[in-house]
Amino acid sequence: MFTKPVLLVIAHGSRDPRHAATVHALVRRVRSLRPDVRVETGFLDFNIPSVQGVLESLAAEGVRDVVALPLLLTRAFHAKADIPAVLRAAPPQLRIRQAEVLGPSPLLLSALERRLYEAGLTPADKSSTGVVLASAGSTDPEAIAVIAEIAREWRHTGWCAVRPAFASASLPRTEDAVRSLRELGCERVAVAPYVLAPGFLPDRIARGAAEADADVLADVLGAAPEVARVVLERYEAAGVRVLAAVGA
C-alpha cells in the first residue's frame, strides 16, 4: 500500500521510439530505488499514456496527492507553460504539486562525467580535454543562461575548457564549439550531450560532433543512476510541500 504522494514523471514525448524507451528505463530505475513510492509516467505529446489520461486514471482510483515532475533539464517553455496548463486541467479532486526541473544539479555533472568515462576518457585526461556541453537549445534566456553557468562551473572541476553548445534556437552549434576548443589548444575534444533521451536534437548533436571530428562523443544522460537520484530529490522536496499543504 502506497502512502506517499504518487510521483508522475512528465516527459515530452517523441516520434523516435528510443525516447520513450529511455524514459521508461529511467522510471524503472527510480522505482527500484524507492519501492515505497508509486511512480507513473505521462507524455505531453506523441506517446501514450498522456499526462491528462494518467491524471484521470489516478483520480478514478481515488488517489488524492500527486507530485508532477517535469523530466526536463531547464526551466523553459514546457516547464513554465505547457505542463502547468495540463495540470490545471486535471480532475479537481487531485492535489497536485509541480516539482522543480532536474537541472542544475551536481549529480547531473557527475552523470555527464560518467558518460564521458564510459565513452573512453579517464580522470587523467581531464586537464588536456576540452568538453562541449551540448544541450537541446531554447529561446528562453533563463534556460540559456543556466547552460552557460553549468559550463563555467564544470570547467572549474579540472577540464581544459568547457564550452556550451545548442542543437536548436541558440548558438553556437556543436561543431562550432568543437572547433573553438581545437583552436584553444585542447589536446582532445569531447562532446557531452546534456539531454535526457535520444531523438532528433541529440542526433543533430552527434552529427555536429562527427562533422568537426570530435575525439569523443558521450551518450545521453538516460537512465544514469545520478539522474534517478535527482528525480527523487525533486520528488521529496515537492512531496513535503504536498503533505504540509494538507496538514499531514
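Relative orientation of the His24 and Phe43 rings is perpendicular, given thresholds of 30° and 60° on the angle between their planes.
A single hydrophobic cluster is seen to contain both Tyr235 and Leu108, as judged by linkage of ILVMFWY side chains at heavy-atom distances under 4.5 Å, directly or through other members.
Using a cutoff of 4.0 Å between basic side-chain nitrogens and carboxylate oxygens, Glu236 and Arg34 are scored as salt-bridged. Under 4.0 Å is where a charged nitrogen must lie from a carboxylate oxygen, and between Asp219 and Arg115 no such pair does. Under 4.0 Å is where a charged nitrogen must lie from a carboxylate oxygen, and between Asp176 and Arg173 no such pair does. Under a 4.0 Å N-O distance rule, the pair Asp140/Lys80 qualifies as a salt bridge. Between Asp45 and Arg15, no side-chain nitrogen of the basic residue sits less than 4.0 Å from a carboxylate oxygen of the acidic one, so the salt-bridge criterion is not met.
Within the 4.5 Å cutoff, the side chain of Leu87 has heavy atoms near those of the Gln98 side chain. A heavy-atom distance below 4.5 Å is found between the side chains of Leu44 and Val86. Within the 4.5 Å cutoff, no side-chain heavy atoms of Val30 are placed close to those of Val9. Within the 4.5 Å cutoff, the side chain of Arg188 has heavy atoms near those of the Asp125 side chain.
Checking each of Leu94, Val67, Val51 against Leu8 for a side-chain contact (heavy atoms from CB on, under 4.5 Å) leaves exactly one that passes, namely Val51.
For Gln52 (side chain) and Ala89 (main-chain N/O), a donor-acceptor pair under 3.5 Å exists by modelled atom type. In this structure a side-chain-to-backbone donor-acceptor pair under 3.5 Å is present from Arg31 to Val39. A distance-only check finds a donor-acceptor pair linking the side chain of Asn47 to the backbone of Ser14 [under 3.5 Å]. For Arg234 (side chain) and Val101 (main-chain N/O), a donor-acceptor pair under 3.5 Å exists by modelled atom type. Ser170 places a side-chain N or O within donor-acceptor distance of the main-chain N or O of Ser138, the cut-off being under 3.5 Å. Within the 3.5 Å criterion, the main-chain N or O of Lys126 finds no donor-acceptor partner in the side chain of Thr129. Between the side chain of Ser168 and the backbone N or O of Ala136, at least one donor-acceptor pair lies under 3.5 Å.
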Donor-acceptor contacts, no H, no angles, side chain residues 144-154, under 3.5 Å, sequence neighbours left out:
| from | atom 1 | to | atom 2 | distance (Å) |
| --- | --- | --- | --- | --- |
| Glu149 | OE1 | Arg152 | NE | 3.1 |
| Glu149 | OE1 | Arg152 | NH2 | 2.8 |
| Trp154 | NE1 | Glu113 | OE2 | 2.9 |

Solution key, residues 192-206 side-chain donor-acceptor pairs under 3.5 Å, sequence neighbours excluded:
| from | atom 1 | to | atom 2 | distance (Å) |
| --- | --- | --- | --- | --- |
| Asp203 | OD1 | Arg18 | NH2 | 3.2 |
| Asp203 | OD2 | Arg18 | NH2 | 2.9 |
| Arg204 | NH1 | Ala167 | O | 2.7 |

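When every heavy atom of Ala99 is checked against every heavy atom of Pro70, the shortest pair comes out as O-CD, 3.3 Å.
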Give the C-alpha distance, both sets of side-chain angles, the deciding distance and a yes or no for salt bridge (charged side-chain N to carboxylate O under 4.0 Å, His left out) between Glu211 and Arg179. CA-CA 10 Å; Glu211 178 185 322; Arg179 293 182 185 115; 3.2 Å; yes
Leu102 vs Leu71, side-chain contact (heavy atoms from CB on, under 4.5 Å): CA-CA, chis, key distance, verdict: CA-CA 7 Å; Leu102 301 183; Leu71 202 61; 3.9 Å; yes
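More than 12 heavy atoms of other residues, nucleotides or ligands sit less than 6.0 Å from atom CG of Leu33. Enclosure of atom CZ in Arg229 is not indicated, since only 12 or fewer non-hydrogen atoms of other residues, nucleotides or ligands lie within 6.0 angstrom.
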